[in-house]
Participant: 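Below: one structure in structure tokens.
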Number of protein chains: 2
Amino acid sequence: MTQLIKAREGIITQEMIAAAKKENVEPELIRQGLVDGTLVVPANVNHKSLEPCAIGKGTKTKVNANIGTSTDFPDPEAELEKLRQVVDAGADAVMDLSTGPNITDTRRRMLGASPLPVGTVPVYQATAEANVRYGAMMKLTADDLFDVVEEQCKDGVDFITVHCGITRQVIDVLKKRRRVADIVSRGGAFLTGWMLHHDRENPLYERYDELLEIAARYDVTLSLGDGLRPGCLADATDGPQIQELLVLGELVERAWEKGVQVMVEGPGHVPLDQVRSNVDLQKSLCKGAPFYVLGPLVTDVAPGYDHITSAIGGALAAWAGADFLCYVTPAEHLGLPDAKDVRDGIMASRIAAHAADIAKGLPGAAEWDLSMAKARKALDWEKQIELSIDPGHAAAVRKKKNPEHREECSMCGEFCAMKVVAEALGTEAECC
Amino acid sequence: MTQLIKAREGIITQEMIAAAKKENVEPELIRQGLVDGTLVVPANVNHKSLEPCAIGKGTKTKVNANIGTSTDFPDPEAELEKLRQVVDAGADAVMDLSTGPNITDTRRRMLGASPLPVGTVPVYQATAEANVRYGAMMKLTADDLFDVVEEQCKDGVDFITVHCGITRQVIDVLKKRRRVADIVSRGGAFLTGWMLHHDRENPLYERYDELLEIAARYDVTLSLGDGLRPGCLADATDGPQIQELLVLGELVERAWEKGVQVMVEGPGHVPLDQVRSNVDLQKSLCKGAPFYVLGPLVTDVAPGYDHITSAIGGALAAWAGADFLCYVTPAEHLGLPDAKDVRDGIMASRIAAHAADIAKGLPGAAEWDLSMAKARKALDWEKQIELSIDPGHAAAVRKKKNPEHREECSMCGEFCAMKVVAEALGTEAECC
């Protein structure tokens, strides 16, 4: 029985209680959100080290970090180190997107070590293995793909990205409507290529009921991938993207019918002024299912700084109602992120998520900022560091820039506004 | 005669032509914007190395970088090195906020070297010198302050921040309405302290006509400082802030009457959902005068990452109509920024500015992104690097992460979506 089915039966599970505790809300709010479909608690029955969390309406905006090997960087140890970094940096979930050798081994070690929900994109492993087995990824069979899905779900993966919405009809729309960047989703690109090559329907769509059975068996949350997400601003909110979203809306309801938890993935590259309408559209077409966005990046021109372009879009998206932000690292569009990139990406997304939670009026969100403001006013550095989103980093910067450890910071020194005003207004005491 | 007076007389100056060229617009648009007061061209008659630009409606969102010595870091050479960094990183203006020794010398060297408009906050020099001369900054006289203003204007400073809006009446409101962080503007804090200490009106308000005469003489643009800008989210858009803004609105019209160019400064720390209303309010109360915002920072809890909290707020503010973004560096709230912090701060603000220009539909803005998208689709790395907002940085990251210099990037390697789809759809050629 999935968390969703249990919720419908009125059962409050240990997972719901654990997720509620993280939010400081009543478990009933989590249960009701599950019933409504506006919230998921990804928790594979076989993921033993998991500390569950909720993703969706009424809870904190969550942040996911993607890690995983590639052919150029195949070392699983490096990815396990990144996982430690991910947990330490305060991400809420992690996806293992390995495409290097030893994908199964890397994933199992990651699942064993991760207290965070772990997601995967099964088609990555399927294509990588087909490449080895047949010498060409296009020779993958639909059965091969479903074998990988089953293997990964059995291993304990909490959520899987499945690009079920790329149907032949969606590809027809793609062919008719010219795009600048065509398809930038790796899974979407492969499936489109496979469908055209074999002149066949998408197996993840055609055999969706079978997929739902596997997901239900292990309580894997489906994350319906947006294979046609825009890869540049010029392609944002276009025909192919919305055509696929329409299909995803139908698939959400079919998942719910089978008691399977489901969320929907979204763009991508989106200009500032289209971010809110993208969220509104997803919420409407997908009946309030949680929305998991990649970025969105609000400009295409900043490789090396795409954690920032994404933080801007992510803050706006989450404020508009997106529930789950997939981080983008400074390495995006240039290469595989290292541990430092991972940390920078997570911090940028956490800032966006928190700024949005304040704007949405999520209970408790603004209190954190109020505590920081009071510590700052009181020039209480210990407290300021402790309350920082990244205490270790804040402490290191402070130390480096203030060798004498003076009371004020080295920017203003003796001209510190806080001190001048406190003396003039006699307000210092009230904030200490 | 100031640029404003010349514009009113129908004269198109060399400065207007130079500014128009940077925007790729007709000089008449610049002249009309000056007449309307919706745009400024800061260009002191004595700043010989200046390459003028326009700040305001119908032009690109501009970015300012603050540099300058402090008592802990008094070396002018380090600041001149930062100035080179500022120019190289593509900022549009620079402010010399020196408070260390040798302020006059530092400023003169900076003015000699800067093609960008240079701004200052005269009260910083005035207080630092009073500290030396009288042993206490509160012993500063109004005449001392005006002597510094005159000296700086004569030296060639293009715009000065003057906190003319902190009147006794505004301070009365401040005293009545409890704030968490009181005053965080250094200039605002000092003036408030001075006024309370001496039980006198703000000399910059009381002798505003004299200030306008000096500004008119050298064509210095006034940047009306927001001394009571909120220093934390809890203080945003509160009584004291808006009371001061009301005064600034009156002072804008008085500057225009005397032919003095003027812009208005704004917050600060502002939650996402209050950013747009802050811009709307300034535009309304200040009759469309250019709006120069610091950040805004959308959360208080991220010291070490405040270039990101500011990029989020800055993008939103500029999209809503703010014209000029003052950068915030990763060192904000912790210490004086070094050259790396300066660069990171500028890039974050430039990203915010450009994302907003796209959203506002500024002619030409989205074309840059379109060119990048085409280069990315074509896997044309040389072009991608060239089109990057920071080409040197993008090139360095690419090189570091892709030792073999392969065609794809090391994130996807042979599973590159661009390649898979181009093969399947046969679209590669059209984008190359």
Side-chain angles (χ1 to χ4, degrees), chain A residues 70-72 99 180-184 186 189-190 192-193 196 232-234 271-273 298-305 308-309 311-312 315 319 334-336 347-348 351 354-355 358-359 368-370 372-373 377 388-389 393-394 397-398 401-402 409-413 415 417 420-421 424 427, chain B residues 70-72 99 180-184 186 189-190 192-193 196 232-234 271-273 298-305 308-309 311-312 315 319 334-336 347-348 351 354-355 358-359 368-370 372-373 377 388-389 393-394 397-398 401-402 409-413 415 417 420-421 424 427:
Chain A
S70 72
T71 38
D72 284 350
T99 53
V180 175
D182 288 329
I183 305 180
V184 297
R186 277 184 283 175
F190 168 75
T192 303
L196 292 170
C232 64
L233 297 193
L272 264 183
D273 56 313
V298 294
T299 171
D300 304 332
V301 303
Y305 300 95
I308 297 177
T309 66
I312 296 171
W319 176 26
L334 294 169
L336 198 74
M347 288 304 164
I351 287 166
H354 178 61
I358 294 166
W368 182 7
D369 294 66
L370 185 58
M372 174 63 94
K377 169 69 183 162
S388 294
I389 198 163
H393 178 63
V397 175
R398 160 103 181 133
K401 296 194 184 285
N402 297 272
C409 84
S410 61
M411 185 185 257
C412 306
F415 304 108
V420 170
V421 172
T427 54
Chain B
S70 72
T71 37
D72 284 351
T99 54
V180 176
D182 287 328
I183 305 181
V184 297
R186 277 184 284 173
F190 168 75
T192 302
L196 292 170
C232 65
L233 298 192
L272 264 183
D273 56 314
V298 294
T299 171
D300 304 331
V301 303
Y305 299 95
I308 297 178
T309 65
I312 295 171
W319 175 26
L334 294 169
L336 198 75
M347 289 304 165
I351 287 166
H354 178 62
I358 294 167
W368 181 9
D369 295 66
L370 185 58
M372 174 62 95
K377 169 70 183 164
S388 293
I389 198 163
H393 179 63
V397 176
R398 160 101 181 132
K401 296 194 182 288
N402 298 272
C409 84
S410 62
M411 185 186 257
C412 307
F415 303 109
V420 169
V421 172
T427 53

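Protein chains get the first letters and strands the later ones, always in sequence-line order, with residue 1 at the start of each.
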Participant: Can you name the nearest heavy-atom pair linking A:I308 to B:A348, along with the distance?
Facilitator: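 Scanning both residues, the minimum pair turns out to be CD1-CB, 4.0 Å.
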
Participant: Among A:V301, A:V184, A:T309, A:I312, which residue has the highest count of heavy-atom pairs closer than 4.5 Å to chain B?
Facilitator: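 Highest number of heavy-atom pairs under 4.5 Å: A:V301.
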
Participant: Using heavy-atom distances under 4.5 Å, tell me whether B:A315 contacts chain A through its side chain, its backbone, both, or neither.
Facilitator: both

Participant: Over all heavy atoms of both residues, which pair between B:A373 and A:D300 is shortest? Give the atoms and the distance, please.
Facilitator: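 Nearest pair, atom of B:A373 first, then A:D300: CB-OD2, 4.2 Å.
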
Participant: What pair of heavy atoms forms the shortest contact from B:P303 to A:S388, and how long is it?
Facilitator: CG-OG, 3.0 Å

Participant: Considering only heavy atoms, which portion of B:I183 lies under 4.5 Å from any heavy atom of chain A: side chain, backbone, both, or neither?
Facilitator: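 For B:I183, the contact with chain A is made by backbone and side chain together.
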
Participant: Measure across A:K377 and B:V180 and return the closest heavy-atom pair with its distance rounded to 0.1 Å.
Facilitator: CG-O, 3.5 Å

Participant: Between A:A234 and chain B, with a heavy-atom cut-off of 4.5 Å, which part of the residue counts as in contact: side chain, backbone, both or neither?
Facilitator: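 Side chain only.
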
Participant: Just give me the residue among A:C232, A:A302, A:A359 that pairs up with chain B most often, heavy atom to heavy atom, under 4.5 Å.
Facilitator: A:A359

Participant: Is B:W319 in contact with chain A via its backbone, its side chain, both, or neither, using a 4.5 Å heavy-atom distance?
Facilitator: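 Only the side chain of B:W319 comes within 4.5 Å of chain A.
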
Participant: Once rounded to the nearest 0.5 Å, what's the spacing between atom CG of A:L233 and atom CE of B:M372?
Facilitator: 11.0 Å

Participant: I need the minimum non-hydrogen distance between B:P271 and A:I358, along with the two atoms involved.
Facilitator: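 Shortest heavy-atom contact: CB-CG2, 4.2 Å.
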
Participant: Hey, could you give me the OH/CD1 distance between A:Y305 and B:I351, rounded to the nearest 0.5 Å?
Facilitator: 7.5 Å

Participant: Could you state the interatomic distance from CG (B:L272) to NE2 (A:H354), rounded to the nearest 0.5 Å?
Facilitator: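 Answer rounded to 0.5 Å: 10.5 Å.
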
Participant: So does A:T299 get a backbone contact from the side chain of B:D369, meaning a donor-acceptor N/O pair under 3.5 Å?
Facilitator: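 No; judged by distance alone, with no hydrogens or angles, the pair does not exist.
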
